Protein chains: 2
Amino acid sequence: MADISLTTRPDTHVPAARGEQIVPAPCWDLIELLFFAYRDFVGDPDEVLAKLGFGRAHHRVLHFVNRNPGMKVADLLDVLKITKQSLGRVLKQLIDDGYVVQREGDHDRRQRLLYVTPAGESLAMQLAGLQTARISRVLGELGSAERETVRRFLAGMIDAEDRERVLRMIARADRARPRRRDGAP
Amino acid sequence: MADISLTTRPDTHVPAARGEQIVPAPCWDLIELLFFAYRDFVGDPDEVLAKLGFGRAHHRVLHFVNRNPGMKVADLLDVLKITKQSLGRVLKQLIDDGYVVQREGDHDRRQRLLYVTPAGESLAMQLAGLQTARISRVLGELGSAERETVRRFLAGMIDAEDRERVLRMIARADRARPRRRDGAP
DNA sequence: CCATTATGTCAGCAGTATTGACATATTTCG
DNA sequence: CGAAATATGTCAATACTGCTGACATAATGG
C-alpha cells in the first residue's frame with residue numbers, strides 16, 4: 001500500500017504541493033447510506049424467501065426470468081455475472097419447486113428458454129411489491145424531478161461498459177410487460 | 001452518460017374491480033438499478049481485497065473501525081447485525097495481519113476497543129477512495145441540491161427503527177474525524 | 001460471593017460463490 | 001459428411017460468510 005500522505009482537500013481547490021498526492025475527501029455519508037439502504041432493501045424479500053427454503057440467489061434468478069420471459073441461460077449468466085455451476089443449483093431448485101420452466105428454443109434446440117410459471121410470477125410480484133413499497137414510501141416524499149435525480153444517480157453508479165446494456169434491458173422489459181397489477185398473496 | 005432515456009412510467013392507477021386487490025405497479029427500474037449500482041459499487045473494493053486474501057466482510061469491519069476508532073466489539077455487532085462468531089473470524093484475520101488492534105477499555109477492562117493500525121487506515125482509505133471516485137464521477141454531473149436528494153432517498157430506504165441511529169452514527173463519526181472519510185462496504 | 005456482562009472459541013451446518021474437468025446435444029462450417 | 005464450435009448440464013472440490021449451540025474466561029457490580 002502506498003505510503004502516500006493522505007492530504008484531504010475538501011471541495012476547495014488548493015493547488016497541490018510538489019509530490020503531494022491529492023486525495024479527494026471520501027463521501028463517507030453516501031458510502032454508508034448505500035450500505036444500510038441496500039441491506040434493508042433486500043431484507044424484506046429475504047424473510048419471505050427463507051420460508052420457502054430459498055435465498056437471495058433464487059430471488060435474482062426469479063426476478064430476471066419474470067422480467068424477461070424466454071431469456072436464455074446464457075443471458076442470465078451475463079446479467080448475474082455468476083458461473084453456470086452457481087446458477088445451475090438455484091435454477092434447478094426453482095424448476096423442481098415449480099416456479100420456473102424451461103422450453104427448447106424454436107430456432108436453436110440447444111437453448112433452454114426460461115419462463116416463470118404462474119406460481120413463479122406470483123412470487124416474483126410479491127417480492128417486487130415489498131421492495132416497491134419501501135421505494136414508494138420514500139419517493140412519495142419527493143417530487144418527480146427528484147425521482148429522476150435518483151434514477152440518474154443509480155444509473156451513473158453502474159460500470160460504464162455495462163450501463164447502456166442495463167438501461168436497454170430495463171427499457172425493453174418495460175415495453176414487453178407494460179403493466180401488471182397482479183394480486184400478490 | 002448523458003443520453004439516458006429512462007422510461008418514467010407513472011403509476012397507472014387502474015380502478016379496482018370488486019374483490020380485486022389493488023397492487024401498485026412495481027418500480028422495476030429502481031429495483032434493478034439498485035441491484036446493478038450496488039454490485040458495481042462494492043466491486044472495486046472486492047478486487048483489492050481479494051489480493052490480500054480478504055473479502056467483503058473484512059471490508060465492512062475495517063471500514064467501521066476506521067470510522068469509529070475505539071468502538072467496542074458489541075458496537076460492531078450492532079452495526080453489522082451479524083453474530084459474534086461471524087465477526088470473530090474476520091476480525092481475527094484483520095488483527096493477525098496487522099490492520100486492526102485491540103485495547104482494553106479504560107473504565108471496563110472486559111471491553112476490547114478496536115482501532116485501525118496505520119496499515120489499516122491506509123487500506124480503509126484506499127477502499128473508500130475507490131468508492132468515492134465512483135460516487136464523485138456521478139455527483140460531479142449533478143448539483144449539490146441533487147446530492148441532497150440522493151442522500152434523502154438512501155436515508156429513507158433504511159428501516160425506520162434504525163434510521164435515526166444510523167444518521168447519528170454518520171454525523172458523530174464526521175465530527176470525530178473531520179478530515180478523514182473512509183469507504184464503507 | 002454471585003449474577004451479569006463482554007468477549008472469545010470450538011464444532012457443525014447452510015447458502016452462495018469459485019475453478020476445473022467432463023458429458024451431451026445441436027448447430028455451423030469447411 | 002464430419003469436425004469444430006456452441007449451449008447447456010453435471011460432478012467434485014474449495015472458499016467465504018453467515019448461522020446455532022455450547023462452553024470458557026475475565027471483569028463488573030450489587
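Please read all numbers here as calculations on a predicted model, not as lab measurements. Convention: sequence-line order gives letters A, B, ...; per-chain numbering from 1.
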The answer to which of A:F54 and B:Q85 contacts DNA chain C further toward the 5' end, by nearest nucleotide, is B:Q85
Distance test, side-chain N/O of B:S86 to OP1/OP2 of D:dT17, below 4.0 Å: no
In numerical order, the residues of residues 71-84 of chain A whose heavy atoms come under 4.0 Å of DNA chain C are A:K81, A:I82, A:T83
Answer with base, sugar-phosphate or nothing: what part of the nucleic acid does A:R56 contact at a heavy-atom distance below 4.0 Å?
sugar-phosphate
Residue pairs passing the salt bridge (Lys or Arg N to Asp or Glu O under 4.0 Å) test with at least one member in residues 122-142 of chain A, sequence neighbours excluded, are A:D44-A:R134, A:R134-B:D159
Contacted region of DNA chain C by chain B, from 5' end to 3' end of the hits, cut-off under 4.0 Å to heavy atoms, spans C:dT5 to C:dC10
With B:E32 as partner, the option from A:R67, A:R172, A:R168 fulfilling salt bridge (charged side-chain N to carboxylate O under 4.0 Å, His left out) is A:R67
Here the distance between atom P of D:dA7 and atom CD of A:Q102, to the nearest Å, is 16 Å
Contacts satisfying salt bridge (Lys or Arg N to Asp or Glu O under 4.0 Å) that involve residues 89-101 of chain B (not counting sequence neighbours) are B:K92-B:D96
B:L87 atom CG is separated from D:dG18 atom C1', nearest whole Å, by 12 Å
Sorted by chain and residue number, the side-chain contact (heavy atoms from CB on, under 4.5 Å) partners of B:L113 (sequence neighbours excluded) come out as B:K72, B:Q111, B:Y115
Residue pairs passing the ring pair (Phe, Tyr, Trp, His ring centres under 6.0 Å) test with at least one member in residues 50-69 of chain A, sequence neighbours excluded, are A:F54-A:H58, A:F54-A:Y99, A:H63-B:W28, A:F64-B:F35, A:F64-B:F36
- Query: What nucleic acid atoms does B:Q93 come within less than 4.0 Å of, heavy atoms only: base, sugar-phosphate, or nothing?
  - Reply: nothing
Reading nucleotides 25-30 of chain D from 5' to 3' and marking B where a protein heavy atom lies under 4.0 Å of the base, S where only the sugar-phosphate is that close, and - otherwise, the string is --BS--
Whole-Å distance, B:D46 CG to D:dA15 P, equals 18 Å
Q.
I'd like to know whether CZ of A:R165 has more than 12 heavy-atom contacts from other residues, nucleotides or ligands below 6.0 angstrom.
A. yes
Contacts satisfying ring pair (Phe, Tyr, Trp, His ring centres under 6.0 Å) that involve residues 120-144 of chain A (not counting sequence neighbours) are none
Residues at least two apart in sequence or cross-chain that pass side-chain contact (heavy atoms from CB on, under 4.5 Å) with B:R151, listed by chain then number, are A:D29, A:L30, A:L33, B:R147, B:E148
Sequence neighbours excluded, the answer for side-chain contact (heavy atoms from CB on, under 4.5 Å) partners of B:I95 is B:L91, B:V100, B:Q102
Name the nucleic acid region contacted by A:G88, choosing base, sugar-phosphate or nothing; use a 4.0 angstrom heavy-atom cut-off, strictly under. nothing
Here the salt bridge (Lys or Arg N to Asp or Glu O under 4.0 Å) pairs for residues 47-59 of chain A, sequence neighbours left out, are A:D46-A:R56
Residues at least two apart in sequence or cross-chain that pass side-chain contact (heavy atoms from CB on, under 4.5 Å) with A:K81, listed by chain then number, are A:D162, B:R39, B:D40
